[in-house]
Amino acid sequence: MSNNKDNWKIWEIFIRSKNGISHKHVGSLHAPDAEIAIKNARDVYTRRSEGISIWVVPSDQITASKPDEKEQLFAPADDKVYRHPTFYHIPDEIGHM
Amino acid sequence: MEAKEKYVLRLADNALILGQRLGEWCGHGPILEQDIALTNVALDLIGQSRMLYQYAAELKNDGSTEDDIAMKRDVFDFYNVLMVEQENGDWGKTIVRQFFYDTYNYFLYEALCTSTDQRLGEIARKSFKEIAYHAQFSAEWVIRFGDGTSESHERVQAAVDDLWEFTGEMFTPDEIDLAMTEAGIAPDLNQIAAQWKRKVTQILDIATLKMPESSFMQKGGKVGEHSEYLGFILAELQFMQRAYPGMQW
């Protein structure tokens, strides 16, 4: 574990488990470039047949919301329960939605 | 020993000994992700060796099991090529050894997929997807090291030069190889050599590495004449069965 590791970027890994399902974030890893990141993701995250497609994104390309903006971003939704479709009666024969 | 049995043992021993060698890296890789990657390759190879030992045991047909064959033979009864028993060295040397061997294995198993021996064909088709990945993995890394920093370039060029003399044995047919080719069980090694050389030249070129010009080649592994390393590999591999015969867990 020498200083080589410091030169390696961190990549966020997204795996699609099957067709029709979205890619889901599964974790992150080190790799020197995108091609190797895909190979590393294959070896680290799909050893037990977890996926059929891999996306890799450099971690530093992700823009995240700021924790201290939590209030202004999310609190306004808290008192608007009518946005949840919980007031509809769903007939039994429709089953799970 | 029947020629086909010996041929299957050669394939099995190559896979087992290289798998064991790569296993030495487990927990010692230069970076977690590559540690896991190489251990995956090791496990693939040991899995392939099991299928081949099972087949060898059936051909032998004297009640031996796959474990007996893997764990109870001594150095002179192993028929792997010298390449796979060479020391791991630094990470670059391990990758170069893997690249030389994977590229050979890729073309060999591609051809074995259409073997006239049905069982060997099945084993080859199952193994080929794994081997294709191994070959891609090691070639990608040779390119990155060769065309990387001046230190990685030097180290990997030294590994290419060091290991070159072990490449010839893979392609030098003896009477067993010739009998297998004759029967359509295995491909003509001259054809594999030509494919190997084309691919290796291409990758070394992209990697800005020089192909050695030396034509001196070591041989012996295929007939049980090994370097000093194999004894140490077997001592570790076979320790449990030697110390506690018949032990299971």
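All of these numbers come straight from a predicted model, not from anything done at the bench.
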When you compare the side chain of B:Arg144 with that of A:Glu35, does any pair of heavy atoms fall below 4.5 Å? yes
How close do B:Tyr133 and A:Arg42 get, counting heavy atoms only, and between which atoms? CE2-NH1, 3.1 Å
For atom CD of B:Glu236, is the number of surrounding heavy atoms from other residues, nucleotides or ligands below 6.0 Å larger than 12? no
At their closest point, which heavy atom of B:Asn40 faces which heavy atom of A:Asp43, and how far apart are they? ND2-OD1, 2.9 Å
The interface call for B:Leu43 against chain A, heavy-atom contacts under 4.5 Å, is side chain
Does CZ in B:Arg50 sit with more than 12 non-hydrogen atoms of other residues, nucleotides or ligands closer than 6.0 Å? no
Counting only heavy atoms not in B:Gln118 (residues, nucleotides, ligands), do more than 12 fall under 6.0 Å from its CD? no
More than 12 heavy atoms from other groups under 6.0 Å of CD on B:Gln248: no
Counting distance only, does the side-chain N/O of B:Glu33 pair as donor-acceptor with the main-chain N or O of A:His30 below 3.5 Å? yes
How far does CD1 of A:Ile36 sit from CD of B:Gln34, to the nearest 0.5 angstrom? 6.5 Å
